[in-house]
Structure formats: C-alpha cells, structure tokens
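Numbers restart at 1 for each chain; the letters A, B, ... are given by sequence-line order, proteins then strands. These numbers come from a predicted model, not from an experiment.
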Amino acid sequence: MNYSLDEDDKPLVFRRSSKPDKWKCSPQPPKHSPKPRNDSDSEDDKPLSSKISSVLKGNINHAKNGPCKSASTPPKPQVKDEYSDDEKPLSSKFISKSNVGSLNKVQPNGSASKNNQSRNIGVNKRPLDEERSSGKVSVKKSKPLDSLTSVNRKPVTLKAETKSDDDDDDDDDVPISQRTKKQASSSSKPSSSKQKVVKKNSSSLNQTNKKSKKVVKKSKYSKPSKVPPGSGEGQKWNTLVHNGVIFPPAYKPHGVKMLYKGKPVDLTPEQEEVATMFSVMLDTDYMTKPKFKENFWGDWRKILGKNNPIQNLDDCDFKPIYEWHQNEKEKKKQMSTEEKKALKEEKMKVEEKYTWAIVDSVKEKVGNFRVEPPGLFRGRGEHPKMGKLKKRILPSDITINIGKDAPIPECPIPGESWKEIRHDNTVTWLAYWNDPINTKEFKYVFLAASSSLKGQSDKEKYEKARMLKGYIQGIRNAYTKDFGNKDVMKRQVAVATYLIDKLALRAGNEKDDDEADTVGCCTLKVENVEPSPPNILKFDFLGKDSIRYQNEVEVELPVFKAIQQFRTGKNGGDDLFDMLDTSKLNAHLKELMPGLTAKVFRTYNASITLDDMLSRETKDREVAENVVVYQHANKEVAIICNHQRSVSKSHSAQMTRLNEKIDELRGVIKELETDLARAKKGKPPLKNSDGKPKRNLNPEALEKKIAQTKAKIEKMERDKETKEDLKTVALGTSKINYLDPRITVAWCKRHEVPIEKIFNKSLLAKFAWSMDVDPSFRF
DNA sequence: AGATCTACTTAGTACACCCTAG
DNA sequence: CTAGGGTGTACTAAGTAGATCT
C-alpha cells in the first residue's frame, strides 16, 4: 500500500532490546449463568425509520404522556437491566401510516444504491458477504450458545513482555466485568495514585478480583454507572505502563530517476522521497484532482527549491518511479511463503513490546502504536488540503502519557528525545502528536478496542441509548408540540431533533474552510432540503466522509411547513437552521434526558431496529436461515445510517459472469427437458452440442437433474440479487459501532446460532463485555 | 456566547490473506 | 493447484462533544 511505502520495504531500523519484565498479573475466569427467556415485543419504541421502506409519515400520537418533562428535571425511567414488558415505554409510536408505499416508497435513507456517483474518491471495494454463509453454515458445528459466554475471555496468567508471550496475545486476558470492578474498587484513591509497579500489585490483585466476582454476579447487567467506573472523578486508570510508540524506518533512496521534459533528473533523497510518494499514487483517482496536484506541487517545490530545474509539474514524468515501485511490490509478492513468514516474524519481534500496555495491572493491547509514516494527505471528498505533504513525525513531536512510576519508554531514535512526558490519569491516550496537516489537531495513540477501558465506555454508550428508550416517547411528544412554536429557535430545535430522530442524521458540527464541505443536521443548507408539496422533503447533501445522503421523506405537515418557512428569504447556501448549532441542540437535549446528545439517537435507532427486526423475523429454523435474518436486519440498519462503500471494480464483470452462468444453466434445463420428453417416449437423448451421444438416463434421473439445476439457478439468482443489493452497503460499520452486541449475543443464545457466525474474532474480542448477557436481554 | 482545545468515537479504504470453485 | 473473490484488519480521516478560554 502506498502509505507504507517505506515501511514495508525494509526491515525496521530500530531495534531495542526489550526490558525484562517484571509484571505479572493473574486474572480469572468469568462466568455467567444463562436463563430462560421470553420475548415480548413491544411495538412502541421503534425508530421511525425502522419501518423500512414505508413512508415516513410520522404522526406522532401524543397518546399518553410520556415521561418527558421538558423542564430540567426529567423523571428518570431508570434503565432496567432486565426489561420486563411493563417497563416498556409508553406506547409511543411514530405512526408511519401510509406505508402504502405507492409512489413514495421512501426508504429511510437514500437508498444506498443510487449513489455510486456520489462518492468522490472511492475506487474499489468488494461486494458483500451476505449470502455466503448460507450455503456453508452447518448446523451442527454450532457451539451451543451458552458456551459462548466464556468465549475468549480465558483466564490467563500473564507475564508481561519477555517471551514474546503466548501467541495469543490477542485475547486480553481478564474478563471485563472483573476488570471493571477492580478498577472501581481501587480507584477510591484518586489520582494521587501512588502506583506501585505491577509486580507488587499482583497479590492485591487477586483479592480484588475475588471481590469483584461477587459484585459481578449481582449486577449482571450493570446499570449505567453515572459515575464513570474508574471513578475518582474522571480518573481513567491508576497505573499505566507501556513502551511508547514505534517509528517508521528512515527513508531509503532508490535512485530511480524520474524524467523532467523527457530527461532524467537528479534528486536529493529528500526530494526523491516526496516524488516517490506522488509516483506511487499515479494510479489513484487523486490524479484527476487538480487540487491534489496543486497542493503536492506547492509542497514539493519547497523541497526542490525555487531554482531547481524542475519548474512545473506537468513536465514531470514519474513513471519510472511508479514502475520501480510496482516492481518492488511484485517482487515482494513473489517471495516464498517461508520468506514472507520469516519477515513477518522478524517484524513482530521488533514490534512486540509496543503492542501492549499494562493498565491497572492488566495487560491490554494497544491500538495504533505505529507512528503514521510520511505521505501525501489523502483527504476525502473535495478536501482543500489533499495532496499536501504529511511530514515525518519525530520523537520530538511526541508527548507520552504514562504512569508516574512506570519507566519512561526509551526514545527509539538515538540522539533524540520525546517532546514531553505526562502522567495524566484522567485521559486514556498513551501518546499523541500534532497532526502535521492540521496543526491544531492531534493524533492519539489509544488502547485497542478489545481493552477494558474501551469496552466500558462502549457499554456505557449502549446503556445511554437504552435509557433513551424510556424517554423517547416524551421527547417525541415534546418536539412535536414545538413544530409550531412561535419562538423560531425552539421551532428549529424541534424540527432538527425530529430529523435526527427520524432519519438518524448526524449532529452537524461547524466546519472550517480548510476542510471538505460536508454537513450534518445543524449545518444543513437550504439547498440540501427541497420541499415538495404536499409534504415530501427531498434531502441531498454530502455527509461525513463526503458520502452522499439522498432521501425523499414524507413528513408531518407541521414539519413541512416549518422547513418551508426556514427556507424563505434565504439563499441556497445559507444555513437552514440559522438559529442552531450542535451545542444549543445538545444543551436542549440534556434537559430532556441526562447525558442525551444527538449521536445517541443514531445508536438508539440502530439498536432498536436490530432488536425489533430480529424478534419479528426470526423463524427459528436452520442456523443458516437465522443468519440471513440477521444480515437482513443488519442491512436495514446500515441503510438507515447511510453506511456506504464503493462498488468493487470488478462488480459489473462479476454480475455479467453470474448472468452467463445462469443462462448456461437455463440451456441445460432446456436440453434436459427435451431429453426427458424423449425418454418418456422411450427415445434416446439427443446428441450433445458437440455431436457426442449422451448417457441414456431414465426419466426419474432426468427429473431429478432438472430439479437440481433449477435449485442451482434459484440460488444463483438470489446470490445475484443480494450482491447487487449490497454492492454499496457497508454492513460492518453498524456492527462495530451502533448495534448493542448484547442484542446479538442474546439472540444467538435464544436461537442457537453460534456467535461466531455473526462476530468475527476482533468483534468477539471487542465485545467480550457482552458475552455473558442473559438470553432474555432485549434492547 | 462564541471560539478554541482536547479527547474520543465513527468511518471508508487499501491490502494481505485465505478459502473455494473450477 | 490456481485464480478470483470474500474477509479481516490496519490505517487514518472525519466526525461528535465536553471543557476551557476569551
């Protein structure tokens, strides 16, 4: 890949012996106990958007009063851990009547399919998985769900570093629930944290764990702790030990000469390095963007110097370097598997100590311990800075955050030193540096998603979304009431909240001029929302990552009127919600529910949709069928959230091939039918197309063959359809970020679907905290 | 009351790798 | 056994949102 140009070409330059280790911890086994369930289904609180493809015509029915107080003292439907029917929110429901569809078959989201052209950069990606499992999943291997519970959280004794440790360092060893507790308990003493080096802790660790075990039991689905579990007021850890970050190798000049006006030119290594970054991108879409070239040229020229013979990018020919690079890639590909393996092992050895950190005596994986290599900035969409040189980051750019008593990581580049060392236990980052492209921003090194710290906050996120379930009816009632408020600001808040709720729009923070021009709810422009009488709104805008959102939605009349009114007297590029920004909106939301912000609606809508669809559509037949049901629900969520991907380069070729195969099979059927008719009359089959005689089969055999072939065709047709259907839909994003894993785990337990059919290894690690959920769990 | 800083989550893409159909 | 395509994962950009500053 391009950005790792230097990196993958050569072995890392730095090697540092790792320190002997002195840490040890001993976690322990998790456990849980399943129980029976009952699924009740409430119609209530589903997202409006959940009515897929029905016209969203939300009439809110203000039936019973919801819990909402628009005042600042909301009642708190406490989030229950176990949800019993009676606790469900009042019958809220956005009525999506007219789901008739007729012309307004509004999909909750611009049906992903129409927007291929919308993505600005994307090149390739591949099609989706959806169906594939169906064929192969075999029911039997399924491992009973409950066993899952323990999946992957095996107790391990860890020995920190030294031996490149168990191959399996990817499971982090302690059950999250335990870790959590431990932390909480130990955090009684705040940041003063006289931390002791882990070794010392180990004994106390055990106790703590024991203790926590009990606790765990009790609070199986722990409530969303108001106070961050780590508690000492924002404290995130007591002790933190890690080895810093690893740098990409220094640039190694290749000496391949590019041409200027047809003649080879000499470049200094520094000039060559930047030229190479550009060369390597010759076959990307960026080359069609003048901005990219302009920015690149601006930065490269500074390095070339004003008097350099190279005066103009258009006269440059980077092909020799491009070809050299292709060649290198090819060479690498040609290496034997052993060679590759050896190389990989070598790399792992060098990197091993950077891959983990020890947080409160627990070894955790680090997410991104590699400092970003230099390269050309690949902004998405029409980013004003695309093509600019992202300079090399040095140790002197990096601030390290580490426990007070932990050894400060040795700076891996001789003669240099870290910019700063901090001991801030109110944050979770291990290191950061200023982003060279936008110097006001930072790049952080965090723990991996599988870590307890991340797991905890993930869980809190979902608990908050579940809390919204208890408030949603009231909130909907309240904003519906405000559609006609004479106070413009209130009216705008109401309409914006409605859109966020109903369409799962993002909040829409303000953006600078030096970023791509994209919008979210609060930053929608007049031109992004076209009212079409009597009550249809046509949305068309570029959202996060410059992904286009296109949707036509039928809305309640008051909303429609309000939008028309917000637009009047403005130009297309003016803000639709001129009195609003995300902080005002969120401030308002916080009055409705503690901790509520705009993004919570996305999580809520996604998760409730999954929960609802699973409960409605699961038929409890084969595992494979259940998996399909899940994928279907997953897809709806992805559509609601507008999670897109670019169409794979080979998509159309693949479709063509599928069609050809289908045709071929149809021909086979025709032939078989002819033969069958003949066989019934006792005649031999016709000759093959190549004139050879065929085996003389009896009618039964022929019929069977026909049936088989037909089934094959049907399957292919289905595959084709899902493939086409999903060519622009990205399922992964919602799975990773929006769907409460407990919904999935509980459903798997209820329907005996092995969780591995749904979550891959990294998701299992990330969601370890959810594995012991009760099978009756409902969002 | 806005602007700016800071921290952390969410997002699509590139690419290595692995599996399967042929 | 190989090619093609799917899958997993690394990577890093692009969001959200709270805190703090002005």
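Regarding contacts with the backbone of C/dA14, every side-chain N or O of A/R506 stays at 4.0 angstrom or more from both OP1 and OP2. Between A/K461 and B/dC8, a side-chain N or O to OP1/OP2 separation shorter than 4.0 Å is absent.
Side-chain proximity of A/K761 to C/dA17, B/dC8, C/dT9: nearest is C/dT9. Of all nucleotides listed (B/dG12, C/dT16, B/dC8), B/dC8 comes nearest to the side chain of A/F446. In this structure, of B/dA11, C/dG18, C/dG5, it is C/dG5 that holds the atom nearest to the side chain of A/Q654. Between B/dA11, B/dT9, C/dG5, one nucleotide has an atom nearer to the side chain of A/K599 than all others, and that is B/dT9. Picking from B/dT10, C/dT12, B/dC17 the nucleotide with the shortest atom distance to the side chain of A/K544 gives B/dT10. Checking C/dA14, C/dT12, B/dT9 against the side-chain heavy atoms of A/K454 singles out B/dT9 as nearest. Considering only side-chain atoms of A/R370, the nucleotide from C/dT12, C/dC11, B/dG12 that sits closest is C/dC11. Listed nucleotides C/dG6, B/dA11, B/dT9 differ in distance to A/K723; the shortest reach to its side chain belongs to C/dG6. Considering only side-chain atoms of A/R378, the nucleotide from B/dA11, C/dG18, B/dA14 that sits closest is B/dA14.
Between A/Y738 atom OH and B/dG12 atom P the separation is 9 Å, expressed in whole Å.
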* **Test log, rule ring pair (Phe, Tyr, Trp, His ring centres under 6.0 Å), inputs A/Y738 and A/H643** => CA-CA 11 Å; A/Y738 288 101; A/H643 291 144; 5.5 Å; yes
